[in-house]
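Step one of this worksheet: look at the structure below.
Lettering follows sequence order; numbering is per chain, from 1.
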There are 2 protein chains.
Amino acid sequence: MIQDFETFKAELSLSKEEICRELYQENTDKIRIKKETTATRNLARIIDSTLRLANSKGFHAMTLRDLCSDSGLSMGGLYAYIRNKDDLIHLIQSHGFKLTRRTVLQYIADIRDPVEKLSQAIRAHVFLSELIRPWFYFSYMEAKSLPPVEKQNAVATEREIETIFCNIISEGIEQGVFRQINARLLSSLIKAMMQDWYLKRRKYREQGVSVEDFANQIRDLLQAYLLPVASGKLAVSHKATSSAT
Amino acid sequence: MIQDFETFKAELSLSKEEICRELYQENTDKIRIKKETTATRNLARIIDSTLRLANSKGFHAMTLRDLCSDSGLSMGGLYAYIRNKDDLIHLIQSHGFKLTRRTVLQYIADIRDPVEKLSQAIRAHVFLSELIRPWFYFSYMEAKSLPPVEKQNAVATEREIETIFCNIISEGIEQGVFRQINARLLSSLIKAMMQDWYLKRRKYREQGVSVEDFANQIRDLLQAYLLPVASGKLAVSHKATSSAT
DNA sequence: GTCTATAGCATGATAGAC
DNA sequence: GTCTATCATGCTATAGAC
């Protein structure tokens, strides 16, 4: 059960080092370095630089020389960690997907009420995307650069995330808590809105919108639409947290 | 006043040739070719190929050799139309922005009712993005590749589009037609949803969602949220066109 | 107005010293 | 385990024939 963003962050405790250690262990076959501590440290630098450079100028526009001078490694050194440039994409994407699915499912596991379940799923997704935003941004923008097999996998995973939301809504409809609407289409729109948080975060920052405001806004919008006329609308009104500009 | 998509398409009558002719006239200083008919014809081929290649593999991953063999021109021939590779980005982006603003403003010009005005603005934007989808997709994905000055311009234009929606909502609030909510934040979410149509159109196609279904779904979602409890919800219900899955 | 041929250069990748 | 030096490739861009 997620309270606020800071609690979520503390609970999950996802340090860069921690992520990269997991990442190393999943890729020991591709990485030539045997000592875990040095491998993790350098991997963290490589990925950090890749995300910064690729997210600002695009992955293809980033040269490996750029990457080396930013991360502090030499060309030779870098190639102890990757087989070729495209390996970098896979390295970053694969882990993000697993983490997202795991996190969202974990936070909605033992919630029954559809209204609350939907709200929690949104919070889990939006909060996680805030926590490792460069990862999300990169995965989204460089999906087209993936080799065909992995691209298919990426599309499938994305659909899976969307299905989680679709199921929550469908259950709500079956239970008579939500109105009868197109659950699949609405899930797609939910995903589109959530994505905007990591694709255009600067904009929201300038508007003074916090990550919690953002999640709440999506929740309120959905509840107004999903809950039936009589009971719903009133229940929403006193819960709504957004204010007029 | 927009009826259905087909009528919209016919009214606007935006052929590729037509767009490229306008584009030629706006860039006579950069293009070395003097005869309008040949220039327009070749420009159409160049842009067509650029959009296809860049949208599938990314602009930087596309080489000018790719572009030449796809468009049928030679390297030398191509350089009569552009100064360098980056010129292509500008060429494509600049025109799309103008077209979007012009179209949306045109279709909401003489509508008073905020509910209807919002609905029409959404339709105009979504329908236009359907009509010249490759343009929209390209502009979105390659925005980061723009030189700083033009990048700033792109961000400003996008904000302008969003402001159109913000103003419609604000007016609705002032008139007491809409509830008091954060108009700016909601506009951003509207934009996020509309964007998804051209970023992930394949997905919607697979779901069997038409461009009209899509625009209607956004409209219904917004009306449920914006209209006040008593009168609003009922008015929406009989208008809603979406169905359960 | 369009082509072929080529200059000039930066890139991804590797070999081998330390 | 990391570095420097170097290779081969393929890129953007141009010069000059037709």
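- Taking a 4.0 Å limit (strictly below) on heavy-atom distances, residues 25-43 of chain B reaches DNA chain C at B/Ile33, B/Lys34, B/Lys35, B/Asn42.
- A sub-4.0 Å separation between OP1 or OP2 of D/dC11 and a side-chain N or O of B/Arg65 is present.
- Side-chain atoms of A/Gln207 and B/Ser188 include a donor-acceptor pair closer than 3.5 Å.
- Contact check, A/Tyr79 against C/dA15: no side-chain N or O comes under 4.0 Å of OP1 or OP2.
- A side-chain N or O of B/Tyr204 and one of B/Asp196 form a donor-acceptor pair less than 3.5 Å apart.
- Taking A/Phe5 as the reference, A/Phe127 meet the ring-ring contact (aromatic ring centres under 6.0 Å, His included) condition, with sequence neighbours excluded.
- The number of heavy-atom neighbours closer than 6.0 Å to CD of A/Glu36, taken from other residues, nucleotides and ligands shown, is above 12.
- At the heavy-atom level, A/Ser74 lies under 4.0 Å from base atoms of the strands shown.
- Distance alone, capped at 3.5 Å, is enough to place a donor-acceptor pair between the B/Asp66 side chain and the B/Thr63 backbone.
- Put simply, B/Tyr81 has a side-chain N or O that comes within less than 4.0 Å of OP1 or OP2 on C/dT2.
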(request) Starting at the 5' end of DNA chain D, write a dot or bracket for each base, bracketing those in Watson-Crick or G-U wobble pairs whose two distances are under 3.5 Å and using | for partners on another strand. (result) ||||||||||||||||||
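- Ion pair A/Arg102/A/Glu22 flagged as a salt bridge, since at least one NZ, NE, NH1 or NH2 atom sits closer than 4.0 Å to an Asp/Glu carboxylate oxygen.
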